[in-house]
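Treat the numbers as computed from the prediction; the structure is a model and nothing was measured. Indexing begins at 1, ligand by ligand and atom by atom, following the structure's order.
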Amino acid sequence: MLKTLRPLLLPLMFGLLTLPALAGELEQPMKKIGFNYKQALKADDAATMEKHIKEMKAQLDIAKEKKMPEAKKAKFLEGMNEVQGELDASLAALQAGDQEKARAHLAKVNDLKKEYHTYAKQKG
Ligand code: HEM
């Protein structure tokens with residue numbers, strides 16, 4: 001009896017383990033984006049800002065890979081790409097030695113966050 005059930009047990013256990021992960025898939029990358037955003041704003045030297053902006057970009061790439069209902073996906077990717085564009089502009093400004101401009105692009109990221117979170121909630 002146990003022998004016949006054994007091949008079924010492993011996929012079942014695996015399924016149970018992955019279920020909660022699918023439910024809140026965006027939570028971890030979003031939280032890390034938020035953490036690094038605050039650290040980037042707090043930093044007073046360009047190298048620290050750059051480090052946190054790059055970590056945000058890495059987390060955006062992870063978020064983009066997550067499963068998402070088809071109806072939401074296009075808008076979600078659009079928002080993610082806009083944020084990445086602002087982060088790239090911020091990095092370019094830092095490399096040009098213009099910290100003020102880098103911060104202006106980071107401020108736009110916050111606007112995009114508000115815009116797209118509102119959208120995500122409204123359209124269910
Ligand atoms: C600096 C930018 C952003 C920060 C700091 C941020 C942060 C967060 C946080 C903390 C959560 C809650 C996670 C949880 O506990 O479940 C979340 C959820 C979410 N975020 Fe973001 N986010 C940002 C940008 C964006 C953008 C640009 C989009 C869309 C293009 C987006 C789409 C979502 C979605 C779909 C959720 C799932 C929950 C919901 O439907 O509201 N986020 N975000």
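The main-chain N or O of L106 is found under 3.5 Å from a side-chain atom of Y37 such that the two form a donor-acceptor pair.
The protein non-hydrogen atom at the shortest distance from atom 40 (O) of ligand 1 is A120 CB, 3.9 Å. Annotation: atom 15 (O) of ligand 1 to nearest protein heavy atom, E27 CG, 3.3 Å. Of the protein's heavy atoms, M30 CB, 3.6 Å lies nearest to atom 9 (C) of ligand 1.
Residue-ligand proximity, V83 to ligand 1, at heavy-atom distances under 4.0 Å covers atoms 27 (C). Less than 4.0 angstrom separates some heavy atom of G34 from each of these atoms of ligand 1: 5 (C).
For atom 12 (C) of ligand 1, the protein comes within 4.0 Å by no heavy atom at all.
In this structure, K51 does not pair ionically with E55, as no charged nitrogen and carboxylate oxygen lie closer than 4.0 Å. Classification of R103 and E100 as a salt-bridged pair fails, no side-chain N sitting under 4.0 Å from a carboxylate O.
Within the model, atoms CD of E86 and NZ of K108 stand 5.0 Å from one another, a figure rounded to the nearest 0.5 Å.
If you look at E78 next to ligand 1, there are no close heavy atoms at all, none under 4.0 Å. At a 4.0 Å heavy-atom cut-off, ligand 1 touches F76 through backbone and side chain alike.
Comparing K113, E25, K31 against atom 3 (C) of ligand 1, the shortest heavy-atom distance belongs to K113.
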